[in-house]
Protein chains: 2
Amino acid sequence: MARRAGVSVGTVSNVINRPEAVLPDTRARVLAAIEELGYVRSESARQLRAGRSRIMALLVLDMGNPFFVDIARGAERAAREAGLGVMVCNSDQSQEEEAEYLGLFAEQRVCGVLVTPADATGGNLEAFARHRIPYVLVDRVAASTEHCAVCVDDVRGGMLAVGHLVSAGHRSVAYVSGPDDLYQIRDRRQGALAALAEAGLGPEALVEIPSDRLDVAAGRDAGARLLGLVPRPTAVFCANDLLALGVLQSLYAAGVRVPQDIAIVGYDDIEFAAAAAVPLTSVRQPATVMGRMAAEMLLEEADDTGGVHRHRSVVLQPELVVRASSSAPRGPVRPTP
Amino acid sequence: MARRAGVSVGTVSNVINRPEAVLPDTRARVLAAIEELGYVRSESARQLRAGRSRIMALLVLDMGNPFFVDIARGAERAAREAGLGVMVCNSDQSQEEEAEYLGLFAEQRVCGVLVTPADATGGNLEAFARHRIPYVLVDRVAASTEHCAVCVDDVRGGMLAVGHLVSAGHRSVAYVSGPDDLYQIRDRRQGALAALAEAGLGPEALVEIPSDRLDVAAGRDAGARLLGLVPRPTAVFCANDLLALGVLQSLYAAGVRVPQDIAIVGYDDIEFAAAAAVPLTSVRQPATVMGRMAAEMLLEEADDTGGVHRHRSVVLQPELVVRASSSAPRGPVRPTP
DNA sequence: AGAGGGGAGTGAATTGATTCAATCCGATCC
DNA sequence: GGATCGGATTGAATCAATTCACTCCCCTCT
């Protein structure tokens, strides 16, 4: 036993956890032994005793989407301030992967889970709830009163996006969507329809271009399909910026001018939206804030011993960021001397 | 004890780990009890006994860089095939963060670590080696014979990039670099200088624009500084694509045409490089492959009981992808009818 | 001087899964 | 019928840290 190196047993524990309760003399001796032996206390053992680990899990839909990376950043910062580690995992929008990861988290006895659900039925999480491990929904309204949630008002986001297009005179808007399992997709559509209705336009003014993935490649594909539409919509609202970037690439390759021929609005306002071929108008979501809030709520719940915690549901507001892809183009680029 | 629910003790363990060694009858009874009680075996307990966990750590320089996300993807896939979880962490190029995370990994007794070192001195990893936890360097040549490594030939990458610019007639190239602690930065510079030398140009042909961060914002800043240079280089080689995108934005905002006035070459060939304002020429790195190989080498080392494992160092080759940012511009965009 | 108090340190119990030597039991063999 | 064999099952030991009731010892107060 490494502790023998010093002289004692559970005193080592005191040196590490309550140094003030140990004489400076003894403490120094133990610390020296620790240093000499390169001793590192085993988390597994503490965990076993404590019943849960000091790791928080974050399960996102797509690690390749900078939006989720921002969420992870916010969550990670909050977690580290509390001395916890974060395990970031990727469900890839698959219910099976999600279920598998949730099982892994239960085995690990993580202290809590932040999750962007891929499973619209909520079955995975319902099953997970048995384990009494706290979890917080991220980027999704609360599905029950049994947990906290932080999300962004996606209906409003859809309204902002399409409202902007409608007020610029567009009368037919394509919606490059995604799997209908995802609330985000449905809510944004609903917002889009609401914006059209407000301008006296019916649901036929929204031409849906479905897509099963939500990445740049899927966007390119959707762009190609958009070009084949007759009559062709004069504007596109994309369910996220990755799709929008793909659509933009497609249009660009086909020689269609943005925004003159077709206007584009994306969603998320990822960093790369501003750096796109045509800087992208997008609906900004406070991703980092969302990640941080979710983590803080989770910590509050996890640390709650006296049953003081009350589940909350926070809805943040999105913000429209208008750039070139949906507004009158600036004049021709001025060459520098 | 949950196991009592059935009737036995360590038989539960057999049901789970060696089902064939248990009578179907008993097995069914135990499984029923497991189901009924919602039992999930505790990883902490197994870990404690096994001495190490079933989690692999991945410590990258910047989660916000899609290049590292691709590495993570490759590693994660390989790890999951072996039934392991991956804990992705972000050192943010900070030696302190790196040290802190390595400490965390040691406490967790992770089965191995994949790391893109932030600490050029190698001190952090040297200290970490005491714990006898295998680790593999990713995107960095082996620093000693005590570990495996997978990297990409950055000198060659720098040569490809600048060689391409030189052969297009450029005689003065800016190098938007990063912290000199990073081997990647140094090697790419060395490659750039070699390419210039090959064309009979001295080191003064490479104008360095230093930068401490490697993100889009730092790129915008570098772009501003580039514009102030007299005489102004006719081409820029950026140490990564994020910087390049930032530079591009800066130039674009100032009305400088790319590639006519200034050509740009990036590094990494992230997905967004192709979708940039001017599609970016870049040096492609096999990130996913690198992540996968690193994970596989780590698994081989971790699973090696008989001392069969020999440390290896794999060097992959980069590839130049030429796009508009460094080549003659295509004709004016053709409007569609 | 003896009792009482308190700070320092001890070590057994606890946590849950795994492992392994030991036990049990039915069946086969001599 | 007794011995032997082997598959099924058991339960104690193990892993490392934490916790807590307990011991020790020294100091102070009466």
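We name chains A, B, ... by the order of the sequence lines, and we start the count at 1 in each one.
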Legend entry - Of residues 44-57 of chain B, the positions that come close to DNA chain D - non-hydrogen atoms, cut-off under 4.0 Å: B/L48, B/R49
Legend entry - Rounded distance (Å) that lies between atom P of C/dA17 and atom CD of A/Q108: 13 Å
Legend entry - More than 12 heavy atoms of other groups within 6.0 Å of A/E35 CD: no
Legend entry - Of all pairs that satisfy side-chain hydrogen bond (donor to acceptor under 3.5 Å, both in side chains), the ones with a partner from residues 105-114 of chain B, not counting sequence neighbours: none
Inset, instruction - Check whether any side-chain nitrogen or oxygen of A/N17 sits under 4.0 Å from OP1 or OP2 of D/dA17, and answer yes or no. - result: no
Inset, instruction - Taking the side chain as every heavy atom from C-beta outward, state whether B/Y101 and B/L104 have any pair of such atoms under 4.5 Å apart. - result: yes
Inset, instruction - To the nearest 10°, let me know how far the axis at one end of the helix from C/dA1-D/dT30 to C/dC30-D/dG1 is tilted from the axis at the other, five pairs an end. - result: 60°
Inset, instruction - Please determine if B/R213 and B/D92 form a salt bridge, counting it only when a charged side-chain N lies under 4.0 Å from a carboxylate O. - result: yes
Inset, instruction - For residues 6-16 of chain A, pull every pair meeting side-chain hydrogen bond (donor to acceptor under 3.5 Å, both in side chains), keeping only residues two or more places apart or in separate chains. - result: A/S13-A/N17, A/N14-A/R18
Taking only N/O atoms, report every protein-nucleotides 24-27 of chain D pair under 3.5 Å with atom names and distance.
none

Result block: side-chain N/O donor-acceptor pairs under 3.5 angstrom for residues 291-299 of chain A, not counting sequence neighbours:
residue	atom	partner	partner atom	Å
A/R292	NH1	A/E296	OE2	3.1
A/R292	NH2	A/E81	OE2	3.0

Legend entry - Distance test, side-chain N/O of B/S42 to OP1/OP2 of C/dG16, below 4.0 Å: no
Inset, instruction - Using the test salt bridge (Lys or Arg N to Asp or Glu O under 4.0 Å), find all partners of B/E43 that sit at least two apart in sequence or belong to another chain. - result: B/R46, B/R54
Inset, instruction - Give, for atom CG of B/L182 and atom CZ of B/R140, the distance between the pair rounded to the nearest 0.5 Å. - result: 9.0 Å
Tabulate protein N/O versus nucleotide N/O from nucleotides 22-28 of chain C, keeping only pairs under 3.5 Å, one per line.
none

Inset, instruction - Only counting residues at least two apart or in another chain, list the ones meeting salt bridge (Lys or Arg N to Asp or Glu O under 4.0 Å) with B/E100. - result: A/R80
Legend entry - Approximate separation, where rounding is to 0.5 Å, of A/H309 NE2 and A/C148 SG: 3.5 Å
Inset, instruction - Assign a letter to each nucleotide of nucleotides 5-10 of chain D from its 5' end: B, base within under 4.0 Å of a protein heavy atom; S, sugar-phosphate only; -, no contact. - result: ---SSB
Legend entry - Side chain proximity check, B/T288 to B/D70, heavy atoms < 4.5 angstrom: yes
Inset, instruction - Would you please name every residue forming a salt bridge (Lys or Arg N to Asp or Glu O under 4.0 Å) with B/D119, sequence neighbours left out? - result: none
Legend entry - Distance test, side-chain N/O of B/R109 to OP1/OP2 of D/dA16, below 4.0 Å: no
Legend entry - Pairs where residues 128-139 of chain B contributes a residue and the test side-chain hydrogen bond (donor to acceptor under 3.5 Å, both in side chains) is met, not counting sequence neighbours: B/Y135-B/H147, B/D139-B/Q184
Legend entry - Short N-O contact, A/D62 and B/R73, less than 4.0 angstrom: yes
